[in-house]
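Below: the structure, in structure tokens.
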Amino acid sequence: MIGSLLADGIGDTIRFSLTADPVEEARAGRVLLESFGLRERKNVDLIACPSCGRAEIDVIEVASRARDALADEQLPLQVAVMGCVVNGPGEARDADLGIAAGRRRGHLFVKGQNVAVVPEDEMVPTLVDWARFIAEHGAEAALARADTEVARREAEKDRAELLEIQGDDANASEQRVELISQRFD
Ligand code: SF4
């Protein structure tokens with residue numbers, strides 16, 4: 001609601017109320033204004049997938065670590081933390097940079113293109129290193145320094161393995177629809 005008012009140019013100031021430290025209120029207000037392009041982006045806009053039956057990591061925990069690690073960096077980038085390599089790079093292809101989990105590895109991508117693969121416990125530090133590089137040199141330079149073909153092949157391998165293990169319907173949506181229809185019959 002407040003977002004659409006701001007987008008229409010209505011309002012001069014905002015006040016965010018959260019049941020949290022006032023620092024979080026200021027941060028939330030700043031993120032909202034930066035998201036609408038009403039304030040020059042000076043900080044990371046961290047986005048994360050909602051998580052689902054395909055998630056290979058605890059998305060909330062990893063996103064929270066990434067947010068803390070990037071909090072004081074002042075990098076004007078959108079950075080994505082995605083739960084799986086099956087759909088993550090595609091779902092976050094508009095982000096400057098992101099990482100998606102798969103088979104205990106982290107698949108780093110820049111503008112939707114795979115650029116590197118790291119062990120799962122290196123996902124957050126790797127994200128920070130690449131974010132710093134992109135903020136300084138740009139996404140094109142990051143893509144140029146990467147072996148995108150190897151990264152793409154590795155991502156495709158993990159993606160295929162996950163599809164094999166999880167199947168096409170990792171969220172068991174057909175059974176859920178069936179269950180709901182039975183309850184409302
Ligand atoms: S499909 Fe993957 S990236 Fe998309 S919400 Fe589920 S875990 Fe996250």
Side-chain angles (χ1 to χ4, degrees), residues 3 24 27-28 31-32 34-36 41 43-71 73 75-135 139 142-143 146-181:
E24 292 301 320
R27 184 175 288 153
V31 167
L32 183 69
E34 288 180 353
S35 305
F36 278 97
R41 184 178 299 292
N43 297 281
V44 167
D45 174 22
L46 188 85
I47 59 172
C49 79
S51 189
C52 73
R54 288 208 183 279
E56 289 275 286
I57 48 168
D58 178 341
V59 177
I60 296 173
E61 190 270 326
V62 176
S64 154
R65 276 197 286 122
R67 186 196 60 190
D68 292 348
L70 290 163
E73 293 280 339
L75 307 174
L77 302 173
Q78 188 175 66
V79 177
V81 173
M82 307 302 281
C84 79
V85 72
V86 175
N87 296 319
E91 288 176 8
R93 64 183 164 279
D94 291 332
D96 295 297
L97 167 71
I99 201 151
R103 307 298 285 147
R104 293 175 297 284
R105 305 199 289 176
H107 295 272
L108 200 89
F109 53 92
V110 173
K111 300 283 186 192
Q113 284 194 61
N114 293 94
V115 293
V117 191
V118 295
E120 197 175 280
D121 60 0
E122 291 174 23
M123 284 175 76
V124 171
T126 305
L127 203 56
V128 174
D129 285 348
W130 280 71
R132 286 177 182 150
F133 183 91
I134 293 173
L143 287 168
D147 193 337
T148 50
E149 190 44 38
V150 169
R152 189 196 62 75
R153 255 201 326 266
E154 291 299 312
E156 197 44 52
K157 178 170 154 285
D158 286 353
R159 184 173 185 276
E161 284 183 21
L162 285 172
L163 281 170
E164 178 79 28
I165 296 163
Q166 300 174 337
D168 289 335
D169 186 11
N171 294 303
S173 26
E174 281 182 20
Q175 287 102 307
R176 280 166 206 250
V177 169
E178 181 63 32
L179 198 63
I180 292 166
S181 342

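What you see below is based on every heavy atom in this structure, not just the backbone, and it leaves out hydrogens, waters and symmetry mates. The structure displayed is predicted, hence computed values, not measured ones. Order of listing sets the numbers, starting from 1, for every ligand and every atom in it.
Ion pairing of R27 with E24 is present here, as a side-chain N (NZ or NE/NH1/NH2) and a carboxylate O approach within less than 4.0 Å. Under a 4.0 Å N-O distance rule, the pair E34/R41 qualifies as a salt bridge. In summary, R65 and E61 engage in a salt bridge, as defined by a charged side-chain N under 4.0 Å from a carboxylate O.
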Show the atom names and distances, to 0.1 Å, of all donor-acceptor pairs under 3.5 Å that link a side chain in residues 83-101 to residues at least two apart or in another chain.
residue: R93; atom: NH1; partner: G90; partner atom: O; Å: 2.4
residue: D96; atom: OD1; partner: K111; partner atom: NZ; Å: 3.0
residue: D96; atom: OD2; partner: Q78; partner atom: N; Å: 2.8

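Side chain of D158 to backbone of R105: no donor-acceptor contact under 3.5 angstrom is found.
Results of the side-chain contact (heavy atoms from CB on, under 4.5 Å) test with V128 over L70, V79, L75 single out L70 as the only residue that passes.
Sorted by chain and number, the protein atoms of type N, O or S within less than 2.8 Å of atom 6 (Fe) of ligand 1 are C52 SG.
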